[in-house]
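One structure is given here, and the rest of the page talks about it.
Treat the numbers as computed from the prediction; the structure is a model and nothing was measured.
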Amino acid sequence: MRIARFSIDGNVAFGAVEGDAPDGLVLDIIKGIPFADFELSGTKVPLSKVRLLPPVLPNKVVAFGRNYAEHAAELGHEVPDAPFAFFKPATSVIGSGDAIVYPSFSRELHHEAELAVVIGRLCREVPRERVKDVILGYTCANDVTARDVQRREKQWARAKGFDTSCPLGPWIETELDPSDLAVQCTVNGEQRQLGSTSQMINSIEDLIVNISEAMTLLPGDVILTGTPAGVGPLNVGDEVAVTIQGIGTLTNKVIKRG
């Protein structure tokens, strides 16, 4: 099931995305929230009539860096011995179609296409064999990074946590095998990144076991799983699109802060 979060006539709701043709998608409005038992209402609205929102509003976004060997190499980094986590605040999250605002303190903004995992239930110290039980589904993410700030400041809070630096969407896919999915990024239609989740150094199970050893994960929390090689610059006016096989495409335009 594809679950979208959207607004229509000033109201916010979740809906199941139905259909295959991009111009024929409809939303069957969900009674309740997707983190508990819910029913489809049977009330349907065309996707073209709503505004897509970030599919979740996470309490926290836990991101893992250097989880693809070729990406670590392209930035001159060694592959870490263990999963390497950092955080993006909830205020960094935007949805598909929302604008990435170029931060005033950077001159080198980069895209990073990633598979995102959406947590479906409260959990801590998750054993490897139970990881699938705590996952609601998967979505596309762009770990937008102020690369010059990342190099200069070493600590990544500003470089990766600024407002609008975490596009998520367009929706959550709940029925998906994430082990070998194509991950692509284009800028203005030109391909920049193309990799596969099979190239991850640490698996999704590794990442969730690692972070849940340290902290409680809440329904709606998001785990970013790393980016394949090919990261590169974004400029004001660019349209960046992250496409993940079996999910869909997350599209955002870069604008100047005004």
Side-chain angles (χ1 to χ4, degrees), residues 5 52-68 71-72 74-75 77 84-119 138-172 183-188 192-193 207 211 220-244 247 249-258:
R5 181 171 163 269
L52 281 178
L53 301 173
V56 288
L57 287 180
N59 175 273
K60 54 186 171 291
V61 177
V62 183
F64 285 91
R66 304 173 189 171
N67 199 29
Y68 287 74
H71 169 60
E74 72 180 347
L75 295 183
H77 299 147
F84 179 81
F86 59 95
F87 294 96
K88 294 173 83 80
T91 48
S92 69
V93 173
I94 58 173
S96 189
D98 293 336
I100 298 167
V101 181
Y102 205 116
S104 59
F105 54 86
S106 174
R107 296 294 180 270
E108 188 182 355
L109 201 64
H110 278 198
H111 56 80
E112 295 192 8
E114 310 204 7
L115 175 70
V117 182
V118 180
I119 299 298
Y138 305 89
T139 193
C140 306
N142 192 345
D143 176 20
V144 183
T145 301
R147 193 71 69 198
D148 52 343
V149 178
Q150 183 186 26
R151 287 194 298 265
R152 183 171 67 244
E153 297 185 356
K154 310 302 181 186
Q155 211 273 1
W156 296 359
R158 295 206 316 152
K160 287 178 171 284
F162 60 89
D163 289 355
T164 75
S165 67
C166 189
L168 298 174
W171 41 65
I172 300 165
V183 178
Q184 180 186 54
C185 178
T186 64
V187 178
N188 302 325
R192 295 279 190 83
Q193 293 179 267
L207 303 180
I211 198 62
D221 281 352
V222 171
I223 311 295
L224 303 189
T225 60
T227 193
V231 300
L234 291 173
N235 298 302
V236 171
D238 284 347
E239 183 174 85
V240 55
V242 175
T243 301
I244 297 181
I247 300 176
T249 300
L250 165 70
T251 304
N252 304 92
K253 191 169 184 177
V254 183
I255 67 170
K256 182 179 180 179
R257 182 175 297 280

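Checked by atom type and distance alone, the side chain of Asp221 pairs as donor or acceptor with a backbone atom of Lys60 at under 3.5 Å. Not one N or O on the side chain of Thr243 forms a donor-acceptor pair closer than 3.5 Å with the backbone of Thr249. Counting only distance, with no hydrogens or angles, the side chain of Tyr138 and the backbone of Leu115 share no donor-acceptor pair below 3.5 Å. Judged by distance alone, with hydrogens and angles left aside, the side-chain atoms of Arg147 form no donor-acceptor pair with the main-chain N or O of Ser106 at under 3.5 Å. Panel note: side chain Thr164, backbone Val101; a donor-acceptor pair is recorded below 3.5 Å. With hydrogens and angles ignored, the 3.5 Å screen pairs a side-chain donor or acceptor of Thr139 with a backbone N or O of Trp171. Looking only at distances, no side-chain donor or acceptor of Asp238 sits under 3.5 Å from a matching main-chain atom of Val187.
The salt bridge (charged side-chain N to carboxylate O under 4.0 Å, His left out) check on Arg107 picks up nothing, with sequence neighbours excluded. With sequence neighbours excluded, the residues satisfying side chain to side chain contact (heavy atoms under 4.5 Å, CB included) with Glu74 are His71, Ala229, Val231.
Closest heavy-atom contact between Ala116 and Val222: CB-CG1, 3.9 Å. Considering every non-hydrogen atom in both Cys166 and Leu224, the closest pair reads SG-CD1, 4.4 Å. Pro170 and Cys140 get closest at one heavy-atom pair: CD-SG, 4.4 Å. Of all heavy-atom pairs spanning Val118 and Gly220, the tightest one is CG1-CA, 4.3 Å. Cys185 and Val240 get closest at one heavy-atom pair: SG-CG2, 3.6 Å. Summarising the geometry of Asn142 relative to Leu250, their closest heavy-atom pair is N-CD2, 4.0 Å, with the distance given to 0.1 Å.
Put simply, NZ on Lys253 and CG on Leu234 are 13.0 Å apart, with the number rounded to the nearest 0.5 Å. To the nearest 0.5 Å, atom CD1 of residue Ile100 and atom CD of residue Glu239 are 10.0 Å apart. If you take OG1 on Thr225 and CZ on Phe64, they are separated by 9.5 Å, rounding to the nearest 0.5 Å. In this structure, Leu168 CG and Leu53 CG are separated by 12.0 Å, a value rounded to the nearest 0.5 Å.
Between Leu57 and Arg5, the closest side-chain pair of non-hydrogen atoms falls below 4.5 Å. Within the 4.5 Å cutoff, side-chain heavy atoms of Ile119 are placed close to those of Ile223. Counting heavy atoms from C-beta outward, Trp156 and Gln150 have side chains that approach closer than 4.5 Å.
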Quiz item: Given Asn67 and Leu207, is the side-chain contact (heavy atoms from CB on, under 4.5 Å) satisfied, shown in steps?
Solution: CA-CA 10 Å; Asn67 199 29; Leu207 303 180; 3.9 Å; yes
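With Gln193 as the fixed residue, the side-chain hydrogen bond (donor to acceptor under 3.5 Å, both in side chains) test singles out one of Glu114, Glu112, His111: His111.
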Please list, one pair per line, the donor and acceptor atoms closer than 3.5 Å that link side chains of residues 86-99 to other protein atoms, with sequence neighbours excluded.
residue, atom, partner, partner atom, Å
Lys88, NZ, Asp143, OD1, 2.6
Lys88, NZ, Lys160, O, 2.5
Lys88, NZ, Ser165, O, 3.1
Lys88, NZ, Ser165, OG, 3.4
Ser92, OG, Pro89, O, 2.6
Ser96, OG, Thr251, N, 3.2
Asp98, OD1, Arg51, NH2, 3.0
Asp98, OD2, Gly95, N, 2.8

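In summary, Arg152 and Glu108 do not engage in a salt bridge, as defined by a charged side-chain N under 4.0 Å from a carboxylate O.
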